[in-house]
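Below is one structure, written out as structure tokens, with a few remarks after it.
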Protein chains: 2
Amino acid sequence: MEKKPENCRVDNALEIIVGKWKPIILLHLLQEGTKRHGELKKNLPDITQKMLTKQLRELEKEDIIERKVYSQIPPKVEYSITDYGRSLEPILDAMHHWGTNHSLRKSQKEAIQNDKIS
Amino acid sequence: MEKKPENCRVDNALEIIVGKWKPIILLHLLQEGTKRHGELKKNLPDITQKMLTKQLRELEKEDIIERKVYSQIPPKVEYSITDYGRSLEPILDAMHHWGTNHSLRKSQKEAIQNDKIS
DNA sequence: CGGTATCCGGCCTGATACTG
DNA sequence: CAGTATCAGGCCGGATACCG
């Protein structure tokens, strides 16, 4: 696919990544391996169970993560990155680096603003 | 900034890029240089004037694009990528490539599904 | 423990009309 | 030509309660 605007496929990637909690969920699974539902919940203190489940389901539907259910009482469900999901890592890395620099830049700008005021 | 989930800065980058028309606007400006408001509108047939203006303003606020107004009748406004905006190009490229592959993968899967049905 | 169901407020986006 | 104003609908995400 040529890299012309008319052939834009950026949105295809964004659809997968966008979601209030998806990036951080992916980082957890990428960097810490398989996780149970409850472990993720513990690491993401502000997320509701409903949202956690929803975001995980959406990622699962796209083969980005795998969901493994153990039929036992109490239930146990494990989530892990698929090989395909791992292919997102370069993009997430690039955004993390850019985003880090961006927040730095922003705070520097604000500092200048404050100087002008005072 | 370490690349731990707790330090996640991916969202900082996503905030800038996300918006129904931002990626394609950026691609146009990146690959075709300075454009007038009307030219962008012509290349994005489905966007409304209101949305085009809004997305451009948001990108301008983050220093991703520059807005140059010519005080004349009729008005003329030109938009172009800033150097800072150009730093997003690797991310957009990565997403474009991933997205291209993703849509390919998807259509292959659907083809398999159709075989099963018929 | 992990997951559903329901309700609800806010934001994003679109349609349309108007302005300098 | 480029932009603003207003109204309205739809989806996202949060709070809460309940289920196997």
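Letters go in sequence order (proteins before strands), and every chain restarts at 1.
Between the OH atom of B:Tyr79 and the C1' atom of D:dC1 there is a distance of 11 Å, rounded to whole Å. In this structure, CD of B:Gln72 is placed 13 Å from P of D:dG3, rounded to the nearest angstrom. Here D:dC12 presents its C1' atom at 10 Å from NZ of A:Lys20, a figure rounded to the nearest Å. Note: NZ (A:Lys76) to P (C:dG3) measures 14 Å, nearest angstrom. Nucleotide C:dG20 holds its P atom 11 Å from the CD1 atom of B:Ile73, rounded to whole Å.
For the atom pair CG of B:Leu26 and CG of B:Leu92, the computed distance is 6.0 Å after rounding to the nearest 0.5 Å. Remark: B:Gln49 CD to B:Leu40 CG distance equals 12.0 Å, nearest 0.5 Å.
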(Q) Run the side-chain hydrogen bond (donor to acceptor under 3.5 Å, both in side chains) test on A:Glu78 and A:Tyr70 for me, step by step, so that the C-alpha distance in whole Å, both residues' side-chain angles and the decisive distance to 0.1 Å come before the verdict. (A) CA-CA 8 Å; A:Glu78 283 181 347; A:Tyr70 296 82; 2.9 Å; yes
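Note on B:Leu14: it does not cluster hydrophobically with A:Leu104, by side-chain heavy-atom contacts below 4.5 Å among ILVMFWY residues.
When each of A:Glu32, A:His37, A:Glu39 is paired with A:Lys35, the side-chain hydrogen bond (donor to acceptor under 3.5 Å, both in side chains) condition holds for A:Glu32 and for no other.
The two atoms that bring A:Asp63 and A:Thr82 nearest to each other are O-OG1, 2.5 Å, heavy atoms only. Shown here for B:Pro23 and B:Ile17, the closest heavy-atom pair between the two residues is CD-O, 3.6 Å.
Residues from residues 50-64 of chain B with heavy atoms under 4.0 angstrom of DNA chain D, sorted by number: B:Lys50, B:Thr53, B:Arg57. Heavy-atom distances under 4.0 Å link DNA chain D to B:Arg36, B:His37, B:Gly38, B:Gln49 of residues 32-49 of chain B, given in residue order.
When heavy atoms are screened at a 4.0 angstrom cut-off, A:Tyr70 is found touching no nucleic acid atom at all.
B:Glu58 has a carboxylate O that lies under 4.0 Å from a charged side-chain N of B:Lys22, or vice versa, which qualifies the two as a salt bridge.
The phosphate of D:dG14 (OP1 or OP2) has a side-chain N or O of A:Trp21 nearer than 4.0 angstrom.
Among D:dG20, D:dA2, D:dG13, the nucleotide with an atom closest to any side-chain atom of A:Pro75 is D:dG20.
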